[in-house]
Participant: 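Just dropping this structure here.
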Amino acid sequence: MYIEDAIVSENKAIAEGIYRLDLSAPRIAATAQPGQFVNILVHDDLIPLLRRPMSVAGVNGDNLALIYKIFGAGTTIMESWASGQRVNLLGPLGHGWEYDSERLPILVGGGVGLAPINFLHEYLLGISKEHWLVIGARSKKEHFLAHDPANGILLTTDDGSAGFHGTALDGLQSVLRENKNAPHQIFACGPPAMLEAIGTYTVKAALPCQLAVEEMMGCGFGICQGCSIEAKVDADNDQPSYGKRFKLVCMDGPVFHADQLVLNHD
Amino acid sequence: MYIEDAIVSENKAIAEGIYRLDLSAPRIAATAQPGQFVNILVHDDLIPLLRRPMSVAGVNGDNLALIYKIFGAGTTIMESWASGQRVNLLGPLGHGWEYDSERLPILVGGGVGLAPINFLHEYLLGISKEHWLVIGARSKKEHFLAHDPANGILLTTDDGSAGFHGTALDGLQSVLRENKNAPHQIFACGPPAMLEAIGTYTVKAALPCQLAVEEMMGCGFGICQGCSIEAKVDADNDQPSYGKRFKLVCMDGPVFHADQLVLNHD
Amino acid sequence: MIDVTVKLSDQLILKNPVLTASGTFGYGDEGRDLVDVNQLGGIVTKSITLHPREGHPPPRIAETAAGMLNAIGLANVGVEHFCREKLPYLAGLETAVFVSIAGSTMDEYVEVLSTIEQANLGFAGYEINISCPNVKKGGMEFGVDANMTRELTQRLREATDRFMMIKLSPNVTDIGLIARAAEQGGADAVSAINTVVGMDIDPVTGNFKVSTGLCGLSGPAIRPVALAAVYRVAQAVSIPVIGVGGISAAEDVVRFVRAGAHAVQIGTLNYRDPGIGVKISARLPELLRKIGAGSLGELRGLVN
Amino acid sequence: MIDVTVKLSDQLILKNPVLTASGTFGYGDEGRDLVDVNQLGGIVTKSITLHPREGHPPPRIAETAAGMLNAIGLANVGVEHFCREKLPYLAGLETAVFVSIAGSTMDEYVEVLSTIEQANLGFAGYEINISCPNVKKGGMEFGVDANMTRELTQRLREATDRFMMIKLSPNVTDIGLIARAAEQGGADAVSAINTVVGMDIDPVTGNFKVSTGLCGLSGPAIRPVALAAVYRVAQAVSIPVIGVGGISAAEDVVRFVRAGAHAVQIGTLNYRDPGIGVKISARLPELLRKIGAGSLGELRGLVN
Ligand SMILES: Cc1cc2nc3c(=O)[nH]c(=O)nc-3n(C[C@H](O)[C@H](O)[C@H](O)COP(=O)(O)OP(=O)(O)OC[C@H]3O[C@@H](n4cnc5c(N)ncnc54)[C@H](O)[C@@H]3O)c2cc1C
Ligand SMILES: Cc1cc2nc3c(=O)[nH]c(=O)nc-3n(C[C@H](O)[C@H](O)[C@H](O)COP(=O)(O)OP(=O)(O)OC[C@H]3O[C@@H](n4cnc5c(N)ncnc54)[C@H](O)[C@@H]3O)c2cc1C
Ligand SMILES: Cc1cc2nc3c(=O)[nH]c(=O)nc-3n(C[C@H](O)[C@H](O)[C@H](O)COP(=O)(O)O)c2cc1C
Ligand SMILES: Cc1cc2nc3c(=O)[nH]c(=O)nc-3n(C[C@H](O)[C@H](O)[C@H](O)COP(=O)(O)O)c2cc1C
Ligand code: FES
Ligand code: FES
C-alpha cells in the first residue's frame, strides 16, 4: 500500500459515458493484483471531500489503467484530466480474485464492473490460460469490445442491439451450458442487480463464484469502518470488520465468495 | 442591475500576479458607470460559496474589462478562464464616482485599486478632460502602465525601481504642488493603508476626495447587510444601511466622500 | 398536473413550497429588478425590532467551507418605518408574506407585532425569531428555553389571528422540546433552523473573522444539521414544519419534505443567485415526475 | 528554534500539538505502511467497549458539502481483544497514546477502563467518549447532561491515575456547562467536538443516506462549529482543551490554539490523506515563523 503521485498518460472515452484512464504509477503498478483497487484524490479543494475508489483495470509496465463512468462531481473532474496531470493515488487496496489454476475461469462483467474483470482477463491472456469473458450492457453503445464467441468473448445486450440478446446472467448460463463438463470458476463484477442475480443463481446452483462488490468508502484501508457489507461471517472476530455480521469491502473485499454475502435485501 | 451570462473574450496577465479579463456582457456594459462593480459567480460548485466583487475597469462596446489580482480560491479559478468561458455576473452594482466637470480630476490608484480608477481615466480621456493619474506600487514589476508625467501619468514605487520614488500619497502631494491653483478633485482606490493615508491627508487638508473602498460582501445589492463600514452617517435612516453609524459598501458605496468615513481604526 | 401547492392552514395555501428566509432577501423589494417574487411560495422579511438597529460593527460576514458566518446584529429600520415604507409594498405582493419579528424582551416582541397589526394591511402572517438574546434573562436566548418559548408564543398568539410560525434555534440539546413548547403556546407552524453557532479566526492576524467572535453558520455546510433538526421536530409536533438550512436545489426541497417539512426557506443561496428560489420552484414538477410523485404532499415524511 | 511542544500536565508533554481523532485512525496500526505515527503529537484509538461491537448496518457513511456523515455504531474489537492484540503495539509507540473508551452504562465505562489498567502497559492516558446513549436513562446521551458527565468522570477518575480527557458533544445548549462538570469530576483535559447531529436523505429513493437516519456530521463543514465550541469551553474551564473538527491545515491548528486549545485532533481528513497529521505538524514551525511567534503556546487564546 502506497501513497503515490501518479501522472496521467492518457484519458479517453471508450464508450458512451465510459472512459479509460492510464496513469504512470510505478510503485502501485508493480504490486497491484487483479481485483484490487486504488483510492483517488480527485481534487485539492474540499469538495469532493473523500477519495474515489476505482478498480485497477489493467497494468502495463509502470502504467495503471482505470475504467470509469461519469457519475457525479468526482468522476466529472476525472473526465477533465489531460495527460501530464498529477493525481494522488492510494493503493493497491483490498484483496483481489482468488484464481484456481485447475478450473476454467468464466469472467462476467457489467458496466464499469468490467474494470476488475478486464485486469483478470489480461492476466489470464498473459499466462495463456483459456477462459470465457461475458460482458453485459443495456445496449450496443455501452460496449467497447467486440463480440467474439470463437475466442471466448461473449457480449450481451438487454435490447439485443449487439451480441447475445439477454442479461449477463443469461450469457453466463449459456457459457455454462456449453462447458458443462469442465470444472469452472466464476468471477463477476457489475451493477448491484447483476451481482445479486448472478450471486443468487450460483449459490443456489452451488457453483464456485466470486463477486467484486462496491460500497461507499471513507478511507479504503480499514481506518473508518464505513464500508461495511452484510455477510455471513464466521466466528473469528480478528478481522478488520470486528463483527460477526458485517465485513469491510475495503479490507475483507472487494472480492467475496458469493456464498459469504447476504445477497437479498428486502 | 442585471444577472447576465457573460462570455470571456480575453484573460491575460498584465503585471506580476495581476490579470485583465475582458468579457462580453452587453446589458451590464451598456449601463456601468466608473466606480461601479460586478459580482461574479466564479464556480458552479459550492466552494467558493459567495460571488466575488470586482470593479469595472473599463467598457468597450459590449465588452467589460476587469483587472484582478490572484488572492485565493476565487481569483485562482478566474485565472483559469479561457476565452469562450461563460461567467455569471450580477451588475452593475453600487454607485460610482461623482465627477464635477469644473474641477481638475486627480486619480490615484494602487494595486488592483487601479480598476475603478482606470475606468474613470478612460472616461475622462473619452471626453478629453485633462486630468492626472497617479499609480502606486511596491516595485516596477507590479506596474503595467508607463511613467509619463508629461501626459499626466505619474507612477510611484516604494522601492524607486520605476517612476517617482515614494508612496502614492507622495505622488499625489507632488501633483498637488504642481497644480496649486487649479480647483481639483481627488479620486482614490487602493489597499486599505493607502486609502487611510490619502483619506486622512485630504480630510485634514480639506481637499475634496472620494475613496472607493472594499469590504467582504455577501450579496452586492443590499439584501444581506454584510458589507457595513463605519461612517459618519447623518440622521436620515432610510438608507439601505438602516443605521446612523454604518453604511453599506454595496449600496451606499463603494465610492464614499473621504470625510464621511471613519478612517482610523484603533 | 403535478401539485406543488402547500396547505399550511385552512386559510393559507402557498403556490409552491419555496420561501425566502429571513434576513436573506431584505424587505423583498431590493431584488425586484432581478426576480419576480410573486413566483415564490412566499417571502419572510428581515427581522423587525421595535427601534431601528444599527447592527454589529464590521466585518459582519465571512466565508467558510461551503458555508458562511454572519453577525449582522439585526440591522433593520425599526417597526414604525417598516409599517410606513415597506409593509405597503409587501402587502401588495401576490405571494405569502411573513413578517419576521425580533425583540429583547417579551414586551418588545408583543409591541412590534401589535404595531404591525394596527397597520391593518393584508399579508399572510408572522415568523417569530426567537434566537434573540433576552436582556431580562442576562442575554440567554429565548429559543433555548422551552418555558420562555411557550410563554412568548402564548403572548403573541393573543395579539394576532394571523398565521404565526416560530423559528427554532438549532443550538439546543433537544429541539423537539422547544418545538413542542411553541406548539403548546399556540403556534401555527415552526420553522427550523436558524444559524448554527460558529466562529472563525484569521490564523495570521488573530482577528475574529466576524467582529463579534461567536456568530452564525449558514449555507450548504449546515444542510445535514437542518435536515436532522426538521426530522426531529416533525416527529415532535403535529403542526407544519418549514425547513431552512443550506438549500441549494430542488432535490434539497424534496429532502426536507421527506424529512417531514411542509415547505422550505432559502437563505444564503440567495446571495449567490437571487433567482434561485424561482428556479427551484420551477424545477420541482419535473423532479417530482422523475420520482413518480403526483404531488409534493405525497412525499412528506416518506423516508426509509 | 520554534517550540511546538505542548505541555498537557507535568507528566505529559506532546512533541507537537497534532493528534489523530478517535475512530479516524483505527488502532494506529492499519496505516503503518503509509505514515510514521511516531511523528505525531499523539494518537487516540477507536472507542473501545466492553464487548466487541458489530456496528450499524450499511450504509454507514455519506458525503455532504465539505463534510461527511457517519453512523459506524462503535464497531470495535472489545476491550479484551484490544488489550491482547492492539495495546501492546500501541504501548510500544514513541508518541502519546490515548485509549478512547465508550459504554452504555457507567459501570461499563469503569469496567473497560479497569480492564485496560490491569494490562499494566505504558501509554499516555484515556479519552472518554461521552456521546454514547445511556441505556439506563432511556438512551439519553451521557454527554448532554452535566450531572451524568460529572459523575462518570468522578468514577473513572477513581479508577486511574493516567491522563484523562473527556470528549464533549456539540449537541447541547451550553457546552461550557458540560465542560465544567468534567473539570469538577476530575478530568485532566476536555476535547471538543464529537460529530454534530446530522442527516441526509436520497431525494429520489427516499432512503436515508446513512442507515440509522440521524447520524454525525464531521469534516471542514463543521470547523466553525468546533472552533466556537473550543472558544466557549476554553472560557469555561482552566484545564487544557483539545480542539477537534474539520482541521485540514496548519492554519487550522493555529485557529484552534488562538481560540484557546492546547492541542488538536484530526479526524475526517485522515481518510483523504492519511499523512495529513504528519504534514501539518511539519509545517507548523514555518507558519509560526511567518506569524512571528516563537512558540505555539504564545498564541494560545490570542485573538482580537
Ligand atoms: C472497490 C470499488 C471499486 C470501484 N471501481 C470502479 C471502477 O472501476 N470504475 C468506476 O467507474 N467506478 C468504480 N467504483 C465506483 C466509484 O467509486 C463511484 O462511481 C465514484 O466514487 C462516483 O463518484 P462521483 O463523485 O462521480 O459521484 P457521486 O455523485 O459523488 O456519487 C455517486 C455514487 O457513487 C458512489 N460513491 C461516491 N463516493 C464514493 C466513495 N468514496 N466510495 C464508494 N462509492 C462512492 C456512491 O454510491 C454515490 O451514491 C468503485 C467503487 C468501489 C467501492
Ligand atoms: C466593491 C469591490 C470591488 C473590488 N474590486 C476588485 C478589483 O477590481 N480587482 C480585484 O482584484 N479585487 C477587487 N476586489 C477584491 C476582491 O473581491 C477579492 O480580492 C476577491 O474576492 C478575493 O477572492 P479569492 O477567492 O481569490 O480570495 P479569498 O482567499 O477568498 O479571499 C481573500 C480576501 O478577499 C476578500 N474577499 C473574499 N471574498 C470576498 C467577497 N465576497 N466580497 C468582498 N471581499 C471578499 C476578503 O478580504 C478575503 O480575506 C473588490 C472588492 C470589492 C468589495
Ligand atoms: C446574513 C444573514 C442574515 C440573517 N438574518 C436573519 C434574521 O434577521 N432573522 C432570522 O430569523 N434569521 C436570519 N438569518 C438566518 C436565515 O434566515 C436562515 O435561518 C439561516 O441562514 C439558515 O439557512 P441557509 O443555510 O439557507 O442560509 C440570517 C442569515 C444570514 C446568512
Ligand atoms: C467515521 C468516523 C468514526 C468516528 N468514530 C469515533 C469514535 O469511535 N469515538 C469518538 O469519540 N469519536 C469518533 N468520531 C468523531 C471524531 O473523532 C471527531 O470528533 C469528529 O469526526 C470531528 O472531527 P473531524 O471533523 O476532524 O472529523 C468518528 C468520526 C468519524 C468520521
Ligand atoms: S473504507 Fe474505511 S474501513 Fe473500508
Ligand atoms: S453585500 Fe450584501 S448588503 Fe452589501
Side-chain angles (χ1 to χ4, degrees), chain A residues 1-4 27 31 39-53 72-74 88-93 213-231 233 235-251 261-262 265, chain D residues 20 23-35 46 49 51-78 81-82 84-86 209-211 218-221 223 246 248-249 267-276:
Chain A
M1 174 164 65
Y2 306 100
I3 296 185
E4 187 167 17
R27 292 201 294 171
T31 49
N39 214 357
I40 311 171
L41 190 58
V42 289
H43 213 293
D44 287 340
D45 281 2
L46 297 171
I47 293 181
L49 185 63
L50 299 172
R51 286 175 183 257
R52 296 294 187 255
N88 188 270
L89 300 182
L90 175 61
L93 302 172
V213 302
E214 295 185 3
E215 187 53 63
M216 184 69 195
M217 288 190 173
C219 63
F221 66 105
I223 60 171
C224 78
Q225 296 284 318
C227 62
S228 58
I229 184 172
E230 210 155 346
V233 180
D236 171 20
N237 77 22
D238 198 16
Q239 55 217 343
S241 38
Y242 312 147
K244 297 191 168 56
R245 193 178 146 205
F246 303 113
K247 289 219 176 209
L248 293 185
V249 171
C250 74
M251 296 287 281
L261 296 179
V262 176
H265 297 275
Chain D
T20 58
T24 67
F25 214 72
Y27 297 110
D29 55 348
E30 296 86 344
R32 69 181 128 185
D33 290 357
L34 299 173
V35 200
K46 254 212 90 51
T49 56
H51 303 292
R53 283 177 61 97
E54 312 270 340
H56 292 307
R60 289 180 178 176
I61 57 174
E63 207 175 328
T64 66
M68 75 177 274
L69 290 166
N70 92 81
I72 304 301
L74 294 176
N76 81 95
V77 294
H81 184 280
F82 173 77
R84 202 174 59 236
E85 305 289 336
K86 306 288 183 182
K209 295 274 264 180
V210 170
S211 67
S218 65
R223 195 194 71 200
S248 72
T268 302
L269 268 284
N270 286 310
Y271 304 149
R272 212 177 130 93
D273 178 6
I276 194 164

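No experiment lies behind these values; they were computed from the predicted model shown. Reckoned from all heavy atoms, side chains included, excluding hydrogens, waters and symmetry mates. So that the names make sense, note that chain A is the first sequence line, chain B the second, and so on, each numbered from 1.
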Participant: So which of Cys219(A), Ala73(A), Gly220(A) has the biggest tally of heavy-atom pairs under 4.5 Å with chain D?
Facilitator: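 Option with the top pair count is Cys219(A).
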Participant: Indicate the atoms forming the closest heavy-atom contact of Phe246(A) with Pro58(D), along with that distance.
Facilitator: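 That closest heavy-atom pairing would be CE2-CD, 3.6 Å.
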Participant: Does any N or O in the side chain of Arg272(D) come within less than 3.5 Å of the main-chain N or O of Leu41(A), such that one atom is a donor and the other an acceptor?
Facilitator: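 Judged by distance alone, no pair lies under 3.5 Å.
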Participant: Chain A heavy atoms under 4.5 Å from Asp273(D): which part of the residue, side chain, backbone, both or neither?
Facilitator: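 Both backbone and side chain.
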Participant: Compare every heavy atom of Pro220(D) with every heavy atom of Leu49(A), then report the nearest pair and how far apart it is.
Facilitator: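 Smallest heavy-atom distance, with atoms named: CD1-CD, 3.7 Å.
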Participant: Which heavy atom of Ser228(A) sits nearest a heavy atom of His56(D), and at what distance?
Facilitator: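 Heavy atoms of Ser228(A) and His56(D) come nearest at OG-O, 4.0 Å.
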Participant: Hey, is the main chain of Ala75(D) close enough, under 3.5 Å, to the side chain of Gln225(A) for a donor-acceptor pair?
Facilitator: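 No, because the side chain of Gln225(A) does not come within donor-acceptor range (under 3.5 Å) of the backbone of Ala75(D).
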Participant: Quick one, Asp33(D) and Phe221(A) - any side-chain contact, counting heavy atoms below 4.5 Å?
Facilitator: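 SC-SC contact between Asp33(D) and Phe221(A) ruled out.
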Participant: What's the spacing between Arg53(D) CZ and Arg245(A) CZ if we round to 0.5 Å?
Facilitator: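 Nearest 0.5 Å value for the CZ-CZ distance: 12.0 Å.
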Participant: Checking heavy atoms, do the side chain of Asp45(A), its backbone, both or neither come under 4.5 Å from chain D?
Facilitator: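 Just the backbone, heavy atoms under 4.5 Å.
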Participant: Would you compute the distance between atom SG of Cys224(A) and atom CD1 of Ile61(D) and round it to the nearest 0.5 angstrom?
Facilitator: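 One finds 4.5 Å between SG of Cys224(A) and CD1 of Ile61(D).
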Participant: Partners of Glu63(D) by salt bridge (Lys or Arg N to Asp or Glu O under 4.0 Å), sequence neighbours excluded?
Facilitator: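 With neighbours one apart ignored, the set is Arg52(A).
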Participant: If the condition is ring pair (Phe, Tyr, Trp, His ring centres under 6.0 Å), which residues does Tyr271(D) pass it with, not counting sequence neighbours?
Facilitator: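 With neighbours one apart ignored, the set is empty.
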Participant: So, do Leu90(A) and Leu34(D) sit near enough that their side-chain heavy atoms are less than 4.5 Å apart?
Facilitator: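 Yes, close enough: below the 4.5 Å cut-off.
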Participant: Determine the minimum heavy-atom distance between Glu215(A) and Pro59(D), stating which atoms define it.
Facilitator: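 Shortest heavy-atom contact: OE2-CB, 3.9 Å.
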Participant: Given a strict heavy-atom distance threshold of 4.5 Å, which part of Ile47(A) is in contact with chain D: side chain, backbone, both, or neither?
Facilitator: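 The side chain, not the backbone.
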